[in-house]
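Naming convention: chains lettered A, B, ... in sequence-line order (proteins, then strands); numbering from 1 in each chain.
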Amino acid sequence: LQYLLNTALYMLEPWERLLFSTLLFAILSTALYSALVFL
Amino acid sequence: LNSRGVWLTYIILVFVLHFILLSIPYITTSVAWTLTTTIHNLCNYYLFHVVKGAPWETSDQGRARRFTFWEQIDDGVQWTGTRKFLQIVPVVLFFIASFYTKYDKTHFLINLATMLLAVVPKFPIFFGVR
Amino acid sequence: EEFEETPTWTAVVTVLGYAILSALGWLRDFLRNVGLEEKKTSHDPNPKDFVPLYQSYECFYTRNLYTRIRDVFNQPIASVAGAKVDVMERVSDDFNWTFKFSGKKIPSINLGSYNYLGFAENSGPCSNQAIKSIEKYGLTTSSTRHELGTQKYMVELETLMAKYLSVEDCIAFGMGFATNALNIPALAGKGDLIISDTLNHTSLILGARLSGAVIRKFNHNDMKDLETELRNAIIHGQPRTCRPWKKILIIVEGVYSMEGSLCKLPEIIALKKKYKAYLYVDEAHSIGAIGSHGRGVVDYWNVSPDDIDIHMGTFTKSFGSAGGYIAGKKSLIDHIRIHTHSGCYCPSMSAPIVYQIISALSIIMGLDGTNDGQKRIKQLARNVRYFRRQLVDMGFIVYGNDNSPVVPVMIFMPAKIAAVNREMLKRGCAVVTVGFPATALTESRVRFCLSAGHTKEMLDDALKAMDEVGHLVSLRYSKRNPP
């Protein structure tokens with residue numbers, strides 16, 4: 001609930017929440033991957 | 001745009017954009033900075049100098065409808081804090097991008113062109129010019 | 001008065017939230033344009049083959065932000081808006097694009113209506129008088145005062161109100177908003193200057209614009225800024241011609257219902273005397289609600305009513321009725337009687353409305369032989385201080401003056417506007433949550449309106465609910481008063 005409220009996803013429809021969370025997860029995982037490759 | 005935390009958020013959004021680009025494995029740092037600068041300047045130009053009116057119903061009987069976002073800031077008063085901040089960001093991004101691309105000519109020209117696109121319409125002389 | 005600053009990180013997360021909502025709003029608009037999204041307003045703001053009236057961007061927020069949480073706004077009620085209220089439950093299966101009534105009523109403590117002295121009742125002396133007046137006068141004259149003249153009961157109301165305010169004369173109107181919007185044009189015009197508080201109500205802004213006078217703003221309750229505006233106005237005179245202003249009118253409100261703040265009347269009166277300006281005080285939220293006799297900020301600050309040139313107020317918030325009044329010198333009121341726009345555009349006040357006010361006013365003034373009025377005024381003052389103190393102790397950021405009957409608690413983030421409203425309704429409290437553009441972008445809030453009709457048990461239930469919701473939604477932002 002804190003995640004939904006602070007990112008304002010609380011107001012969105014389920015598919016929009018899923019879309020945004022997937023995007024966020026994709027960004028963080030590529031960042032992690034790049035950091036590993038780089039390091 | 002005068003509210004507390006908006007400028008900081010603006011800077012955070014620019015860095016999040018850069019962070020996203022940087023985390024794509026095949027993009028080098030210089031390309032990431034040039035892409036960051038270019039995307040920022042194009043969005044900045046579209047948002048502040050193309051879109052007109054306000055995204056909500058205003059109580060000014062539609063007066064704002066003819067003005068771009070940039071012209072509506074601080075009721076049109078020039079050289080306010082917010083305007084200076086929005087004027088400086090593209091220039092700072094240009095310097096950072098030039099530095100990280102080691103002043104490569106191609107990158108330099110791309111960054112310069114988009115920086116001018118974002119900075120020139122903000123001059124007071126272009127206020128209300130169509 | 002306290003206006004604790006928005007914590008920086010909260011402000012950043014709030015603006016980021018709006019950025020995310022805007023980005024997804026653009027995505028929705030794109031899907032609408034390509035035809036993938038069928039949820040849209042049934043009426044197209046720009047119907048085909050007509051001149052486009054709206055920029056499509058203009059309804060962006062309404063379409064993509066307001067619609068998503070509009071189940072918490074404009075909720076229909078099924079009872080009198082008293083200390084308790086029955087909220088009609090609405091259900092939507094398409095994310096608030098359409099609603100259906102479930103037929104259920106949710107009994108709740110009413111913390112959203114303006115009912116400061118608890119006169120919004122459908123029983124008791126006020127409603128009896130109102131009902132009786134219908135039998136005697138009917139419901140309406142279906143005409144304006146300039147056309148069909150003034151009813152006897154209007155004279156009775158205006159005389160009583162003038163006596164209550166200890167001024168020479170008073171004139172009453174059928175609508176609070178119109179009292180400002182349609183009378184300021186009769187008071188100011190070309191060659192005049194109106195100096196207005198930045199947070200003044202829309203009706204004052206509209207009235208000032210309609211008047212054609214030049215309008216200057218000063219920061220909310222900032223006396224230095226007001227003096228600077230006055231000095232500049234007098235030194236530089238009118239724009240271009242530099243002629244002196246014909247008159248300068250300072251417009252302020254007694255209680256700012258969104259901030260919960262009170263105007264600094266003694267300082268404003270000192271400035272108006274020093275610079276020979278006129279003073280218009282809108283006591284919509286303060287008349288009946290503050291001051292030892294309920295006479296508003298004039299009573300609260302103990303200043304002389306003669307120091308204020310134009311007293312304005314409404315009968316909506318403290319008298320359980322509707323309409324507004326302007327009071328002051330007889331010459332002023334005579335001028336308004338002739339030149340008011342509402343004298344020829346608005347129908348006269350309805351008899352039951354007037355008798356509700358007259359009986360409430362009689363009770364407040366003690367003319368009914370009881371001290372019920374004084375009891376209500378004291379009860380409201382106690383409720384206000386108790387409720388606000390508890391909220392501050394819970395660690396919320398509470399804006400405004402300790403004695404203001406409106407208690408705004410800061411929410412900041414847009415999603416929390418809906419969450420607080422829904423969770424409080426689940427816990428049996430009907431509250432009003434307010435967001436952009438009615439407030440600044442990063443200053444959404446829940447605005448508690450207290451009433452003399454609230455018992456301590458009701459307030460304790462509401463505080464308990466707010467404590468739970470404040471924890472669930474994490475609203476304890478205050479650094480000055482940690483929980």
Side-chain angles (χ1 to χ4, degrees), chain A, chain C residues 7 9-28 31 36-37 39 61 63-73 92-97 411-423 433 435-436 441-442 444 469-475 477:
Chain A
L1 180 63
Q2 296 308 320
Y3 166 67
L4 291 181
L5 288 171
N6 284 290
T7 54
L9 296 183
Y10 178 87
M11 295 164 66
L12 303 180
E13 296 176 25
W15 69 270
E16 290 172 307
R17 293 180 189 177
L18 187 65
L19 172 70
F20 180 82
S21 304
T22 311
L23 255 178
L24 191 62
F25 180 73
I27 290 165
L28 292 179
S29 45
T30 42
L32 212 59
Y33 170 72
S34 312
L36 286 177
V37 165
F38 182 75
L39 293 179
Chain C
W9 183 240
T10 307
V12 170
V13 173
T14 303
V15 181
L16 276 177
Y18 276 105
I20 292 169
L21 290 170
S22 299
L24 285 159
W26 271 312
L27 172 70
R28 291 299 285 261
L31 296 178
L36 285 178
E37 165 72 75
K39 278 197 214 85
Y61 264 75
R63 219 174 23 244
N64 295 307
L65 266 81
Y66 172 78
T67 305
R68 296 177 188 281
I69 57 173
R70 70 175 168 179
D71 58 300
V72 304
F73 300 124
S92 170
D93 43 23
D94 56 2
F95 302 102
N96 297 339
W97 282 91
I411 296 181
F412 301 117
M413 292 168 203
K416 296 186 179 180
I417 296 173
V420 167
N421 208 298
R422 291 169 188 160
E423 294 299 332
T433 46
F436 186 79
L441 192 78
T442 56
S444 307
V469 172
H471 179 72
L472 181 72
V473 176
S474 61
L475 294 178
Y477 295 111

Do C/F95 and A/E16 come within less than 4.5 Å of each other through their side chains, counting heavy atoms only? no

CZ-CG distance between A/F20 and C/L21, expressed to the nearest 0.5 angstrom: 9.5 Å

Whatever's closer than 4.5 Å to a heavy atom in chain A on C/L16 counts as neither

Quick one: does C/M413's side chain get under 4.5 Å of A/L5's, heavy atoms only? no

Over 12 non-hydrogen atoms of neighbours within 6.0 angstrom of CH2 in C/W9: no

Side chain, backbone, both or neither: which part of A/Q2 has an atom under 4.5 Å from a heavy atom of chain C? side chain

Taking atom OH of A/Y33 as the centre, does the number of heavy atoms from other residues, nucleotides or ligands within less than 6.0 Å exceed 12? no

Under 4.5 Å from any heavy atom of chain A, what part of C/R422 do you find: side chain, backbone, both or neither? side chain

Which heavy-atom pair separates A/A8 from C/A415 by the least distance, and what is that distance? CA-CB, 3.7 Å

For A/L1, is it the side chain, the backbone, both or neither that has a heavy atom under 4.5 Å from a heavy atom of chain C? side chain

Would you mind reporting whether C/K416 and A/M11 have side-chain heavy atoms less than 4.5 Å apart? no

Which atom names give the shortest non-hydrogen contact between C/A419 and A/Y10, and what distance separates them? CA-OH, 3.5 Å

What part of C/I411 is in contact with chain A, defined as an atom under 4.5 angstrom from a non-hydrogen atom: side chain, backbone, both or neither? neither

Is any side-chain heavy atom of C/L27 closer than 4.5 Å to a side-chain heavy atom of A/L19? yes

